[in-house]
Amino acid sequence: MQTEISAAVLENFLIDKAPRAAYYIPEYITAAEEEYLLRQVYNAPKPKWTQLSGRKLQNWGGLPHPRGMVSEKLPTWLQIYTDRISSLDVFGGNCANHVLVNEYNPGEGIMPHEDGPLYFPTVTTISLGSHTLLDFYLPITRDSGEENNQVPMTEEQRHVLSLLLEPRSLFILREDLYKTYLHGIRPATEDTLDHKVANLDQCTAQPGDRLTRTTRVSLTIRFVPKVLKAALFLGKRK
């Protein structure tokens with residue numbers, strides 16, 4: 001059953017065992033919607049796919065750039081969900097205008113990273129097809145102060161917590177957890193759920209479960225504030 005939520009009740013889905021702020025909404029979409037979205041993803045023209053190390057992706061809405069994104073109209077199958085998530089008022093009163101579709105096969109992941117300044121500081125993700133564990137890490141301090149010596153340098157030592165993202169769920173990341181910590185996905189084929197998975201009480205899985213990964217497709221829905229008019233690139237003059 002689809003989870004109907006509004007901006008007024010979003011706080012009910014806050015993950016209270018993690019730094020602020022992460023929200024986890026299980027069964028945000030139905031199984032039929034999941035099947036529909038996967039069909040649309042794999043029916044996209046082959047040139048829409050970009051192969052990277054560890055995953056491949058589709059870029060919808062434009063290509064984010066420091067000078068600004070030339071906006072492209074989202075297809076209807078994505079616009080439905082960008083509108084639905086934007087109604088939760090997670091983008092500062094703005095509407096999401098960009099979707100990154102990532103495909104992760106078992107054993108693939110993405111190294112710990114931050115999303116950077118091109119996006120409004122909120123990221124929302126719908127998971128399709130498989131679960132994953134999203135891991136959060138302390139960043140390696142770049143300053144040369146005393147704190148630099150207090151930050152553990154290995155990835156495992158810097159690991160703070162994990163969040164289980166189940167198929168059909170919606171995940172929202174913002175505030176300090178978005179800005180201060182790195183997030184990534186370890187390249188694994190299965191996951192054992194332990195005490196470091198901070199949202200297990202909001203999931204169907206239980207502590208100690210071993211979950212086997214299959215192919216996961218994520219829809220990462222965001223707002224890019226800096227948008228350029230295509231006319232600037234097309235050389236149009238008044």
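Hydrogens, waters and symmetry mates are skipped; everything else that's a heavy atom, side chains included, is used. Counting from 1, the numbers follow the sequence of the chain as shown.
- To the nearest 0.5 Å, the span separating SG on Cys95 from CD1 on Ile85 amounts to 12.0 Å.
- Residues in residues 191-212 take part in no ring-ring contact (aromatic ring centres under 6.0 Å, His included) pair, two or more places apart or across chains.
- Contact annotation: the side chain of Arg158 approaches that of Ile140 to within less than 4.5 Å [non-hydrogen atoms, C-beta and beyond].
- For the pair Gln58 and Leu100, the minimum side-chain heavy-atom distance is 4.5 Å or more.
- Leu165 and Leu57 sit in two unconnected hydrophobic clusters of ILVMFWY residues. Membership requires side-chain heavy atoms under 4.5 Å apart, directly or through other members.
- Without hydrogens or angle criteria, Lys179 side chain to Pro121 main chain gives no donor-acceptor distance under 3.5 Å.
- Judged as a salt bridge (Lys or Arg N to Asp or Glu O under 4.0 Å), not a single pair has a partner in residues 122-133 (not counting sequence neighbours).
- Taking both residues in full, the closest heavy atoms of Leu177 and Ala21 are given as CB-N, 3.7 Å, listed atom of the first, atom of the second, then distance.
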Solution key, residues 132-139 side-chain donor-acceptor pairs under 3.5 Å, sequence neighbours excluded:
unit_1, atom_1, unit_2, atom_2, d
Asp135, OD1, Ser162, OG, 2.5
Asp135, OD1, Arg186, NH2, 3.2
Asp135, OD2, Arg186, NE, 3.1

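- Between Pro64 and Val224, the closest heavy-atom pair is CG-CG2, 4.2 Å.
- Atom CD1 of Ile25 sits about 5.5 Å away from atom CG of Leu10, to the nearest 0.5 Å.
- The list of side-chain hydrogen bond (donor to acceptor under 3.5 Å, both in side chains) pairs with a residue in residues 38-51, not counting sequence neighbours, reads Tyr42-Glu103.
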side-chain contact (heavy atoms from CB on, under 4.5 Å) between Tyr23 and Leu173, intermediate numbers included: CA-CA 7 Å; Tyr23 303 83; Leu173 175 64; over 6 Å; no

Start with the C-alpha gap between Asp191 and Val197, add the side-chain angles, then the distance that decides, and say whether side-chain contact (heavy atoms from CB on, under 4.5 Å) holds. CA-CA 11 Å; Asp191 300 291; Val197 183; over 6 Å; no

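- The two residues Val227 and Ser71 have their closest heavy-atom pair at CG1-CB, 3.7 Å.
- One finds the CD1 atom of Ile15 at 4.5 Å from the CG atom of Asn199 (value rounded to the nearest 0.5 Å).
- Judged purely by atom type and a 3.5 angstrom limit, His159 uses its side chain to pair as donor or acceptor with the backbone of Leu161.
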Trace of the side-chain contact (heavy atoms from CB on, under 4.5 Å) decision for Lys226 with Leu118: CA-CA 7 Å; Lys226 192 172 182 181; Leu118 301 184; over 6 Å; no

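- Note that CD of Glu35 is 11.5 Å distant from CZ of Arg168, once rounded to the nearest 0.5 Å.
- Residues Tyr104 and Thr215 form no side-chain contact, since every pair of their non-hydrogen atoms from C-beta on lies 4.5 Å or further apart.
- For the atom pair CD1 of Ile221 and OG1 of Thr82, the computed distance is 6.5 Å after rounding to the nearest 0.5 Å.
- In terms of hydrophobic clustering, with Ile, Leu, Val, Met, Phe, Trp and Tyr side chains grouped at heavy-atom distances under 4.5 Å, Val160 and Leu200 are assigned to different clusters.
- Here the closest heavy-atom approach between residue Pro26 and residue Ser169 is recorded as CA-CB, 4.2 Å.
- A donor-acceptor contact under 3.5 angstrom links the side chains of Arg216 and Ser127, judged on distance only.
- The two residues Leu182 and Glu114 have their closest heavy-atom pair at CD2-N, 4.0 Å.
- In the displayed structure, Lys17 atom NZ is contacted under 6.0 Å by at most 12 heavy atoms of other residues, nucleotides or ligands.
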Between Arg213 and Glu190, is the side-chain contact (heavy atoms from CB on, under 4.5 Å) condition met? List the steps. CA-CA 5 Å; Arg213 294 190 194 180; Glu190 69 174 18; 5.9 Å; no

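- Side-chain atoms of Asp194 come within 3.5 Å of backbone atoms of Lys196 as a donor-acceptor pair (strictly under, hydrogens ignored).
- Leu164 and Ile172 are not part of a single hydrophobic cluster, where members link through side-chain heavy atoms under 4.5 Å apart.
- Linking ILVMFWY side-chain heavy atoms closer than 4.5 Å, directly or via other members, places Trp60 and Phe223 in a single hydrophobic cluster.
- No side-chain heavy atom of Val217 sits less than 4.5 Å from a side-chain heavy atom of Asn102.
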Full working for salt bridge (charged side-chain N to carboxylate O under 4.0 Å, His left out) between Glu108 and Arg55: CA-CA 6 Å; Glu108 295 181 336; Arg55 73 192 197 283; over 6 Å; no

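- Counting only heavy atoms from C-beta outward, the side chains of Asp115 and Tyr178 approach each other to under 4.5 Å.
- A donor-acceptor contact shorter than 3.5 Å is absent between the side chain of Asp83 and the backbone of Ile80.
- Nearest approach of Ser218 to Thr125, heavy atoms of both residues: CB-CG2, 3.8 Å.
- Inter-residue side-chain proximity for Leu37 and Tyr81 is flagged as met; some heavy-atom pair is nearer than 4.5 Å.
- Every residue two or more places apart in sequence or in another chain that forms a side-chain hydrogen bond (donor to acceptor under 3.5 Å, both in side chains) with Tyr24 is listed here: Glu166.
- The shortest side-chain heavy-atom distance between Leu63 and Val70 does not fall under the 4.5 Å cut-off.
- Residue pairs meeting the side-chain hydrogen bond (donor to acceptor under 3.5 Å, both in side chains) criterion with at least one partner in residues 85-98, sequence neighbours excluded, are Asn59-His98.
- Both Leu78 and Val90 are assigned to one and the same hydrophobic cluster, defined by single-linkage of ILVMFWY side chains at heavy-atom distances under 4.5 Å.
- Judged purely by distance below 3.5 Å, without hydrogens or angles, the side chains of Glu33 and Tyr28 never pair a donor atom with an acceptor atom.
- At a threshold of 4.5 Å between non-hydrogen side-chain atoms, the residues Pro112 and His183 do not count as touching.
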